[in-house]
Amino acid sequence: MDLGQISRLADQIRKVEENCQRTQQKLQNLPPLAQKADDLDQLMDLQAKLPVAKVNRDELDKAQQQQTELTNQLAELQENNSVDLGSVEPMDSATLKKVKQLLQEQAQVAAKVNQLRSVPSRQTASTNKSTDGNLIWGVGVVLAAVDFFLPINAIIKLILLAVIILGAYAVVKQVDQPAQPADNATDDLQTAETNGRKIDEKLRQIGGQTGFDVVPATEWVFLQNEVVNYQQLGQRLAELKQRQAVLREKLADFWQTAKPILQIDEAQPQPSLNELTKWVTERIQQIQQQQSQVQTQKILTQNLAEQQAELKQLRTKFAQFAIPPLDDHFDEWLAQLTETQKQAVRLRDLEKTVDPAIQTELQKYPELTELQAQQSKLTAELQQLKAQEQALVDERTQRIGELTGLKNQIDILNEQQALAEEETELKDLIDEWLTLQLGAKWVDETLGVATKGRLPLIIQQANEYFAKITNQRYHQIEFDNDDAIHVVDQNGQAYELGELSKGTLEQLYISIRFAFMQAFADTVDLPIIIDDAFVAFDDQRLAETFGLLKQIAQQTQIIYFSAKKEVYQLVDQRNVVDLNEK
């Protein structure tokens with residue numbers, strides 16, 4: 001019976017049983033699946049339409065606000081005018097130009113009529129001025145006589161004389177102005193009034209044709225501007241209403257598509273687009289998690305079936321041996337049987353080493369007690385011989401000591417010199433040991449100070465680095481009560497280190513080391529030196545890792561030694577130093 005084969009087979013069975021139990025436990029720990037999963041394609045299509053619906057909703061709200069503003073402007077414009085602006089059509093450019101020309105001519109004719117009507121008043125004023133002139137002449141003569149006969153200062157006489165002369169000149173000037181004949185003024189006045197009536201008639205005709213005759217002609221230009229503004233605002237309002245109708249139709253189409261997916265009827269109120277966006281996003285995430293869970297369940301179920309099939313084969317093979325069942329007492333039975341086989345093998349080996357003559361001699365002692373008695377006798381004799389041997393050895397040692405004392409003095413000095421050298425070497429070793437002990441103590445204290453209160457930060461930083469290097473496949477590093485490390489993927493599935501690939505393990509350890517080094521950055525400002533640490537990474541992992549190095553290099557200097565040409569393409573060529581060229 002090959003006990004080694006049985007032992008290996010038992011270990012395989014137990015290991016496969018543990019794997020089966022672990023897989024079954026993972027299957028039991030999976031959350032229950034939903035009874036009915038939503039259509040992911042419909043949800044994804046609805047999610048793609050949501051941004052357009054939000055834009056339409058915002059544009060509709062803005063259009064409604066603009067409609068309110070335009071309505072208020074129209075009301076204010078109508079309130080400031082006594083005329084119904086909506087019932088008046090604006091003039092065309094030619095008519096407006098003609099109206100402006102007629103109003104200008106009307107103003108000119110009115111001014112001329114007023115001027116001609118004031119001519120008789122000017123003749124009367126001229127006659128009055130002549131009378132006033134005669135009065136001034138009389139006063140001047142009196143003042144001249146007073147100036148001549150009265151005994152006053154000469155300067156005052158000169159001033160009075162100048163006043164009299166200026167007054168006389170003014171009177172003569174007014175008298176010399178000729179008066180306009182009265183007959184010419186009357187004809188011009190009649191012509192001007194006739195022209196004015198013609199202009200008024202033309203304006204009445206235009207007012208009747210355009211509807212502007214509800215206000216005086218002098219207000220037509222102002223009314224034209226008001227009507228144009230009113231029509232422009234009305235046109236903009238109509239365009240806004242049309243645009244709102246289009247937007248409402250688009251939103252109605254969107255909700256027509258969304259309601260079957262939301263499973264709501266017409267009687268229920270519509271949720272807001274933000275609420276719908278949140279709901280759709282959560283449902284998509286749930287479905288994706290559910291799909292991932294289904295895939296995980298499928299893989300675990302397949303693994304469990306394979307493990308159970310392997311376990312069945314191993315148990316069938318184990319049952320072929322005529323041995324006790326594989327229970328708690330199996331190991332004890334196997335240990336006893338193994339020890340028995342070892343003793344049997346040892347006995348056979350002893351029999352091979354014992355001389356045949358000795359075997360013949362041993363056969364003389366049928367009982368073990370007789371053999372033990374003979375062994376005791378021989379042992380006593382052996383002890384006596386050993387005592388004699390020891391006495392001879394002691395005597396020899398004494399003789400050698402006596403001979404040693406007779407050694408040459410030079411040999412003694414050589415021995416002392418060698419002893420001094422050994423003492424010096426021992427002292428150097430002690431100094432080196434003390435230095436190493438102090439250095440180790442300093443390093444421990446430094447690590448204690450540097451990591452004090454930084455462990456949560458180190459773990460957080462390691463999580464960020466690990467997520468970046470693995471392209472967001474893993475996003476969390478956890479430590480259990482036994483300080484064992486687990487990693488959690490993007491679907492929330494936890495994995496032990498033994499379940500990770502070699503590349504992922506290296507990425508995990510690099511993330512932890514980088515996070516630990518960053519924790520020292522604010523305490524010890526030292527560069528990070530790396531010598532081709534990522535030779536086992538593929539191109540994508542290498543690119544992600546160098547992206548992380550660039551991020552860390554913003555705070556800490558990094559010196560990277562490499563003989564791989566692929567690395568040169570991942571860094572700035574200005575920072576590359578080729579040692580072969582130095």
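Because only heavy atoms are used, hydrogens play no part in the values below, and waters and symmetry mates are left out as well, while side chains stay in.
A pairwise comparison of heavy atoms in S511 and A462 identifies CB-O, 3.8 Å as the closest pair. Closest approach of Q493 to T296, counting heavy atoms only: OE1-CG2, 4.2 Å. Residue K468 comes nearest to E544 through the heavy atom pair O-OE1, 3.1 Å, listed as atom of the first residue, atom of the second, then distance. When every heavy atom of L46 is checked against every heavy atom of A258, the shortest pair comes out as CD1-CB, 3.7 Å. T277 approaches K54 most closely through the heavy-atom pair OG1-CE, 3.1 Å.
Residues D394 and Q390 have side chains that bring a donor and an acceptor to within less than 3.5 angstrom of each other. Side-chain contact annotation: N29 with Q25, donor-acceptor N/O pair under 3.5 Å present.
Between W279 and L43 the shortest side-chain heavy-atom distance falls below 4.5 Å. Considering only heavy atoms from C-beta on, L60 comes within 4.5 Å of R57 through its side chain. Residues Q557 and I528 form no side-chain contact, since every pair of their non-hydrogen atoms from C-beta on lies 4.5 Å or further apart. Counting only heavy atoms from C-beta outward, the side chains of I529 and F561 approach each other to under 4.5 Å. In this structure, the side chains of I559 and I530 stay at 4.5 Å or more apart for every pair of heavy atoms. R541 is listed as a side-chain neighbour of T504, based on a closest heavy-atom distance under 4.5 Å. Residues Q293 and L30 meet the side-chain proximity criterion, which asks for heavy atoms closer than 4.5 Å. At least one side-chain heavy atom of W255 sits under 4.5 Å from a side-chain heavy atom of L273.
Within a 6.0 Å sphere centred on CZ of R248, other residues, nucleotides and ligands contribute more than 12 heavy atoms. Taking a 6.0 Å sphere around CD of Q551, one finds it holds more than 12 heavy atoms contributed by other residues, nucleotides or ligands.
Within the 3.5 Å criterion, the main-chain N or O of Q288 finds no donor-acceptor partner in the side chain of S292. In this structure, the side chain of N463 engages the main chain of I477 through a donor-acceptor pair within 3.5 Å. Although no hydrogens or angles enter the test, the distance criterion places no donor-acceptor pair under 3.5 Å between the side chain of E464 and the main chain of Q461. Using a distance-only test at 3.5 Å, with no hydrogens or angles considered, a donor-acceptor pair links the side chain of T397 to the main chain of V393. Formation of a donor-acceptor pair under 3.5 Å by the K550 side chain with backbone atoms of L570 is found in this model.
Atom CD of Q295 and atom CG of N491 lie 10.5 Å apart (nearest 0.5 Å). The structure places CG of N303 at 6.0 Å from OG1 of T23, a figure rounded to the nearest 0.5 Å. How far CG of D489 is from OG1 of T470: 10.0 Å, rounded to the nearest 0.5 Å. If you take OG1 on T301 and CD on Q24, they are separated by 10.5 Å, rounding to the nearest 0.5 Å. Atom OG1 in T379 sits 9.0 Å away from atom NZ in K386 (nearest 0.5 Å). Note that CD1 of I287 is 5.0 Å distant from CG of L40, once rounded to the nearest 0.5 Å.
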Please lay out, stage by stage, how Q388 and L385 fare under the test side-chain contact (heavy atoms from CB on, under 4.5 Å).
-> CA-CA 5 Å; Q388 295 176 0; L385 293 175; 4.0 Å; yes
Residues Q476, V487; criterion side-chain contact (heavy atoms from CB on, under 4.5 Å); working and verdict | CA-CA 6 Å; Q476 188 173 0; V487 297; over 6 Å; no
Determine, step by step, whether V246 and K250 satisfy the side-chain contact (heavy atoms from CB on, under 4.5 Å) criterion, reporting the C-alpha distance in whole Å, the side-chain angles of both residues, the deciding distance to 0.1 Å, and the verdict.
-> CA-CA 6 Å; V246 173; K250 290 182 178 179; 3.9 Å; yes
Working for salt bridge (Lys or Arg N to Asp or Glu O under 4.0 Å), residues K49 and D45 | CA-CA 6 Å; K49 293 179 179 178; D45 182 65; 3.3 Å; yes
Does the side-chain contact (heavy atoms from CB on, under 4.5 Å) test come out yes or no for F546 and L549, once each step is laid out?
-> CA-CA 5 Å; F546 268 84; L549 289 178; 4.1 Å; yes
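A salt bridge does not link K26 to E496: none of the charged side-chain nitrogens sits closer than 4.0 Å to a carboxylate oxygen. Using a cutoff of 4.0 Å between basic side-chain nitrogens and carboxylate oxygens, E59 and R243 are scored as salt-bridged.
Shown here are the side-chain hydrogen bond (donor to acceptor under 3.5 Å, both in side chains) partners of D58, two or more places apart in sequence or in another chain: there are none. Applying the side-chain hydrogen bond (donor to acceptor under 3.5 Å, both in side chains) criterion to Q12, with sequence neighbours excluded, gives no partner residue.
Pairs of residues two or more places apart, or lying in two chains, that qualify as salt bridge (charged side-chain N to carboxylate O under 4.0 Å, His left out) and include a residue from residues 298-319 are E17-R315.
Ring planes of Y474 and F466: parallel class, angle under 30° (limits at 30 and 60°).
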